[in-house]
Amino acid sequence: MRRITYAVLILITFACQTPAPVQQDWAIAIHGGAGNMDSTKFSADDILRYETALQTALEIGKTALADGESSLDVVEKVVRNLEDNPLFNAGKGAVFTNDGRNELDAAIMDGSNLNAGAVAGVGDIRNPISAARLVMEKSPHVLLIGKGASLYATQNGIETVDSSYFFTDKRWQLLQRTLQKAGKNGTVGCVALDKNGNMAAATSTGGMNNKRYGRVGDVPIIGAGTYANNNTCAVSATGHGEYYIRYTVAHDISALMEYKGVSLSEAAQTVINEKLSNEAGNGGVIAVDKSGNVTLEMNSTGMFRGWANSSGDGGVAIFR
């Protein structure tokens, strides 16, 4: 009788244990902006175009990570693809400022050494994310702005374009319709864990539609819209930048993991759906941790997003 009791206890003990999380060889997440989007305003063709664009960018990252490329190379490569797609508010699809110009921001961060680079307010760099990486790797600085950033990029071989490159009729008409309304938020981003266990984050944006006075949002502010640390996670944010700056959203998620020992999903949920929601900060984040767990957290009705890992899980989505 005693032997049966012990056997039952052993079985119960094993049944109650939580399975160990699977360590992914690699993982990736992407976003193309978030906001309170009305799904009824999107046609079936619209949805297909966005999902196809997200899947294309995701496949670029998946293939590169599976081939053993570094997370830093991957996030830059994926964000460049999103910058070149006029569907998104970054690079080619950047929105216009109040005076009809384009001002772009971008940032990149290497979780293996906490190196980071960013550019802000540039209007002639085709792929601002590559300029941000240049700042990180070739200069002693973290953030360069405006004409100085463009000059540094040009001197170091980054492709520049005439400002007309960024013109799209869709964004121009958006400005005309919203000159008397609140601006539109929009960003693209990518986070990745590579086979060597290194993480990186990259974020790029065309800023806020109809913005004035040289406004800069959270994207190029390290710790606000972009952050990566191999000890915790990599984060790329999208939303109302002023709130993300005030609450250092990306770093706050990392800090909760580091100092309180909470999971990535719990940390992201706390910051996005408690702290930010209480302050009317609209938007979301994509993030990956050192085990390859991915979270796509938002407090808005939609976020263009996608994710994948080495186990074959993943997908793309727009609405909740």
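Keep in mind the model is a prediction, meaning the values are calculated, not measured. Residue numbers run from 1 in the order of the sequence given.
- The salt bridge (Lys or Arg N to Asp or Glu O under 4.0 Å) analysis of residues 125-144, with sequence neighbours excluded, yields the pairs Asp73-Arg133, Glu76-Arg133, Asp84-Arg126, Arg126-Glu159, Arg133-Glu137.
- Of the N and O atoms on the side chains of Gln24 and Ser310, at least one donor lies less than 3.5 Å from an acceptor on the other residue.
- Of the candidates Arg212, Lys211, Lys147, Lys211 is the only one forming a salt bridge (charged side-chain N to carboxylate O under 4.0 Å, His left out) with Glu103.
- Scanning for side-chain contact (heavy atoms from CB on, under 4.5 Å) contacts around Glu59 gives Gln55, Lys62, with sequence neighbours left out.
- If you chain together ILVMFWY residues whose side-chain heavy atoms come under 4.5 Å of each other, Met303 ends up grouped with Val191, Leu193, Met199, Ile286, Val288, Val294, Leu296, Met298, Trp307.
- Residues Asp105 and Thr205 bring no donor and acceptor atom of their side chains to less than 3.5 Å of each other.
- Checking Ser43 against Asp45 by side-chain atom types alone, no donor-acceptor pair falls below 3.5 Å.
- For Ser139, the side-chain contact (heavy atoms from CB on, under 4.5 Å) partners are Val135, His141, Tyr152, not counting sequence neighbours.
- Just one residue in the list Asn196, Asn198, Asp289 forms a side-chain hydrogen bond (donor to acceptor under 3.5 Å, both in side chains) with Asn230, and that residue is Asn198.
- In terms of modelled atom types and a separation under 3.5 Å, the side chain of Asn127 and the main chain of Ser130 share no donor-acceptor contact.
- Expressed to the nearest 0.5 Å, how far CD1 of Ile60 lies from CG of Asn81 amounts to 3.5 Å.
- With sequence neighbours left out, Ala94 forms a side-chain contact (heavy atoms from CB on, under 4.5 Å) with Asn89, Asn102, Leu104.
- Seen from the ring of Tyr213, Arg215 does not count as a face-on cation partner, given the 6.0 Å and 45° thresholds.
- In this structure, Glu51 does not pair ionically with Arg49, as no charged nitrogen and carboxylate oxygen lie closer than 4.0 Å.
- A side-chain N or O of Ser204 and one of Glu83 form a donor-acceptor pair less than 3.5 Å apart.
- If you chain together hydrophobic residues whose side chains sit under 4.5 Å apart, Tyr247 and Val285 fall into the same group.
- A ring-centre distance under 6.0 Å is not found for Phe166 and Phe96.
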What pairs of donor and acceptor atoms, side-chain ones from residues 29-36 against any protein atom, are under 3.5 angstrom apart with sequence neighbours left out?
{"from": "His31", "atom 1": "ND1", "to": "Gly33", "atom 2": "N", "distance (Å)": "3.4"}
{"from": "His31", "atom 1": "NE2", "to": "Ser236", "atom 2": "OG", "distance (Å)": "2.9"}
{"from": "Asn36", "atom 1": "OD1", "to": "Asn282", "atom 2": "ND2", "distance (Å)": "3.4"}
{"from": "Asn36", "atom 1": "OD1", "to": "Thr301", "atom 2": "N", "distance (Å)": "3.2"}

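- Between Phe304 and Tyr50, the two ring planes are parallel [angle under 30°; tilted spans 30° to 60°].
- Taken to the nearest 0.5 Å, the OG atom of Ser112 stands 10.0 Å off from the CG atom of Asn229.
- Residues Glu297 and Asn273 have side chains that bring a donor and an acceptor to within less than 3.5 angstrom of each other.
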